[in-house]
Amino acid sequence: MAVIATADTRLVVQGITGREGAFHALRNRAYGTQVVAGVTPGKAGEDVEGIPVFDAVADAVDRAGANTSLVVVPPRFAAEAILEAADAGVEQIVCITEGIPAHDMLEVYHYVRPRGIRLLGPNCPGALSPGIANIGIVPAEVFSPGPVGLVSRSGTLTYQIGGELAAAGLGNSTIIGIGGDPVVGTSFIDVLDLFEADPETEFIVMVGEIGGTDEEKAAEVIAERITKPVVAYIAGFEAPPGKTMGHAGAIISGSSGTAAGKQAALEAKGVPVGTNPTEAARLVVERLGR
Amino acid sequence: MAVIATADTRLVVQGITGREGAFHALRNRAYGTQVVAGVTPGKAGEDVEGIPVFDAVADAVDRAGANTSLVVVPPRFAAEAILEAADAGVEQIVCITEGIPAHDMLEVYHYVRPRGIRLLGPNCPGALSPGIANIGIVPAEVFSPGPVGLVSRSGTLTYQIGGELAAAGLGNSTIIGIGGDPVVGTSFIDVLDLFEADPETEFIVMVGEIGGTDEEKAAEVIAERITKPVVAYIAGFEAPPGKTMGHAGAIISGSSGTAAGKQAALEAKGVPVGTNPTEAARLVVERLGR
Amino acid sequence: MDLHEHQGKELFAQAGIPVAEGRVAFTADEARAAAEDLGGRVVVKAQVLTGGRGKAGGVKVVDGPGPAQQAADTILGLDIKGHITRRLLVERAVAIADEYYFSITFDRAAKMPLLMLTTMGGMDVEAVAEEHPDRLARLHVDPALGYRGFHGQRLMSMANVPVGERKALAPLLAALYGVFADRDAMLVEVNPLVRLEDDTFLAADAKVTIDDNALYRQPDVEAMRDLAAADPQEQAAREADLAYVKLDGDVGILGNGAGLVMSTVDVIAQVGGRPANFCDVGGGASAEKIATALGIVLSDDKVQSVLFNIFGGITRGDEVAKGLLGALEQTDVRAPIVVRLDGTNAAEGRALLAEAARPEITVEETMLAAAETAVRLAGEVA
Amino acid sequence: MDLHEHQGKELFAQAGIPVAEGRVAFTADEARAAAEDLGGRVVVKAQVLTGGRGKAGGVKVVDGPGPAQQAADTILGLDIKGHITRRLLVERAVAIADEYYFSITFDRAAKMPLLMLTTMGGMDVEAVAEEHPDRLARLHVDPALGYRGFHGQRLMSMANVPVGERKALAPLLAALYGVFADRDAMLVEVNPLVRLEDDTFLAADAKVTIDDNALYRQPDVEAMRDLAAADPQEQAAREADLAYVKLDGDVGILGNGAGLVMSTVDVIAQVGGRPANFCDVGGGASAEKIATALGIVLSDDKVQSVLFNIFGGITRGDEVAKGLLGALEQTDVRAPIVVRLDGTNAAEGRALLAEAARPEITVEETMLAAAETAVRLAGEVA
């Protein structure tokens, strides 16, 4: 059944008449995803190689039955595009856009979250369930169906790890990039819970990186309620220390946020951590015994 | 068990050092309600006849275990008081205040509703479960425990009908005033669902009035999913037609909103409607066969 | 509080919404001067707080000061649905290409502002809603989002506004929503919203209603109140923060809470009486406020008896009794008063009344009995 | 983007937050003139984009123009944690009664702004957090609510601000939050926030960081950028919308996406190499952007080999190859380039590279192999 990107996903692409929007809409459709509509204000009635274009997301919902939106619009307009999709009643929103102002995302997050609307991203590659549906920009040709659920904060690292697993003969149930921005709609914990409930997923790989405390919180949840085996990879062991943000940043983050700190937090809960993609893939292969 | 006002209700009174706030806090406590705290900024450390006063609702939650707030503050400050209570994590908020600007309440409604926080009012008398707890300004001495759940848009009409039922020997499970303002937090439908699920409630009386479409919507829901008998009373058959609000008001309300229209909608769904409080009480007595 | 067209347009202009240049005139001479000032073709429009002035002859397009004065002479004093025309708006006429309709209503059923837009404006929009419902676009704005660009895009798309016009119209819709939100409006209606021949848009009319509860933070709007248009008793009631409505009968009604007052009006009618007026003292009224309310109810000459119906929650029976007795001591009350007192501190209130033993006062136990007595007493006088 | 104290205070002053009167000075003469202008006792403060200037001797309180000039002479050129002091703020000294600390941080873990307040300001606040955690009040603001009066009341209550001072302090806290929200700040920190002897409050310092992604709508902040304080390569990268960081080794790193670039840095170190810098071209980079990025990476003299690590999603392999080949044709590339290309249109990209057959380019199949080759090539040169 997979998660997020499923056979029931009916995608509307916001910004479909843009270069990137058209490219990924068509690529996703070619992969087999139901791409039912696109939106560009003022272009209702047009189509992109047969995909109907509407003026508003609500029309895509009402007239084309869209239930998931893929936002591929420039950063200045992306937050409003997400809010439009949320207001129009789609269940899931995937936002690819990088560089959205952080305060815009605060507003978006606290709008969608209490209303139970799933937001993946922004600044994320979306979700791919190999052989089923691709809602995003993950280069699907690298991946094949299999038992490993993969979740990552980084787009390109997602592909990298997925590629390493594929080289080892391991496929994926769903590959999910949650995005690398300070405020993203879906956390590691949210995806861990989805994978835990997904019968297709037998094994979970979590790809984190320095900054924030999401990996540390995920470690707690894995110990508490995730019964499927998890392997992690963390990037940024050699990253230079970031610039300080006055005293306040140091007070609130304390010692958490470093790659070593995250590795320690995960290993303390029994989650093996690879320190480069190849090592992480090797750990998965060892655990799965294949 | 009753609803909203229960033995588990732990009340904080916002505006407790005001004249009305102190009066009703003490009256509710005297009735047996757990009044655990009051809030007035800058007066932390004081007390109102033994009820501790805090600077903020969050303190009343953290330190006195408050789970329900009674807002008795002037209209200019009431919306913010409700938001403070919601932010502080109380589960239920009862707002007595009349005259809150409608736009303030739009904001409040769309904050509390998606977050699952119950708001009763504003411009409402609160909730009384006779013999259990009184959270509001309902004159409790008029009412006694019994099987009739009573819900009303009007405070004084609530008392009137309750008094008529009492005169007929009928007591109440819970008496709930939802408030008469254009935007109130809890609808007839919300309360009908609560009464339907409440084992203490055997019979429901709904007291409506002209304006809006809440009674019409309630009629639909009663037909759909309320199995307990319902009697309604509507006020305003002789009310002069209101001033028109441009064309827009007429377009959006259509013919609904009149007392006769509401009566017809309810009777069409098998709900008997009294046209004055005495007649409504008589209908209840007939149906209950006591 | 309803605003006159010229007042609504003042709010529009402050928010950057284009309106025609105009002057307010209270006399025909002022209208002439305004027309002179503006030059060329002008429109003379009755400023009344009701609709339908066009059909009633309250709007005239004229050329120059003389005809403007004549038109003003005809329109001033005109009775439009019971409203006497006492002021005019003289505006420069504009070159209209198209007439649209746009409104923002406080939709209490949905608990959201409702936007409505149609390109079939100018005419009777209720008829458009009836006959061409697909041409009247409706869209709610979630207050947690506020108005966003996409609302306008969607609404214009639904209303089939030509794509080429949308860029010019969108900022007007946004600015009108700004007036609605920033000014605590319950209604902002523009009919017609006109497209000029140069493809810009302009608000050619303005119906704006402001939330009375928010006037404390809209002092410039409060200052616009047209005292001449208000009933003096309603004016006195508003100043005392009381809700008062005048009717046609002979029983004055005083109560606490809109619901109970409405119910009392119903019951008076059901027992064969006719209410002269009703006054809602609201919750928690003081003795002083009760006395003021009684004075306002009695200032209506048609009142032959007064029904005092109080079921107190936040309102306390002892305060009500004190207010009533205080009023009786200060003024000569010309009509009998029937009192029904229940709820918070009702026993204390009834005790005070019994102690005072004023002959003007009859105390009844139930609302129905009180209504019957009040109607009987009014009949005895008449 | 970090702001200098005087720039932060400019934003504060615009928002109505009291700050001491002051002048910016780039020379000792300007500092003298500023002191003359202000009169009386002044404070001369180094303006550097780092903390700890007090301990480093970057702040001096002096009487009159002469001593101000001397102080400026001492402070200008001072190296404070690697930042050379090139500008000063000369401020009128104020009569301090108490030093508080207040900050608003963009707390990414909670996804809410975090307010922090303590009456133990002025000193090392991290130490207060360690040693007296109960004295450092912390409160999150739900962005769906924004800052409300109750936030300030609660925070002042938690921090035990005397009740008598709260009325004066509350509007400052609100206004500082206004700066945070309206200016797209990631941090607003005031230490000390001083209570003056007349019981008013004043922001005596300002640490403000603005979200780079929002600078397009904060053009006056963007104009404040201190170009002298920035590395020229970082400056060039920012102008080309590239993320670039300088390190100490000899392998230049180019990649798409922060995660992959970070991982590449890790892997270079793990195979025994040392990165000279890294540049993230982000998602969907064009051929032109790729060429610009390569130029920036190579402009660092220490670079002996370049590792080009691309796993494309939105970035297309053919664009990357075109950019790389274009750069090679236009400029003389002095270091060998190792390319690893995977993902979207990677096959097309690899075909383009194979066709061009440039001797400077080595193509590797895996990230690990590419890292090993890049490190080996850098070693051969050195």
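From a predicted model like this one, the values you see are computed outputs, not experimental measurements. Naming: A, B, ... by sequence-line order, numbering from 1 per chain.
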Checking an interface table here. Which of residues 31-62 of chain B come within a heavy-atom distance under 4.5 Å of chain D? B:Pro41, B:Gly42, B:Asp55, B:Ala56, B:Ala58, B:Asp59, B:Asp62
Could you check whether atom CD of D:Glu222 has more than 12 heavy atoms from other residues, nucleotides or ligands sitting under 6.0 Å from it? yes
Relative to chain B, which segment of D:Arg148 carries a heavy atom at a distance below 4.5 Å: side chain, backbone, both, or neither? both
Toward chain D: residues of residues 69-91 of chain B with heavy atoms under 4.5 Å: B:Glu80, B:Leu83, B:Glu84, B:Asp87
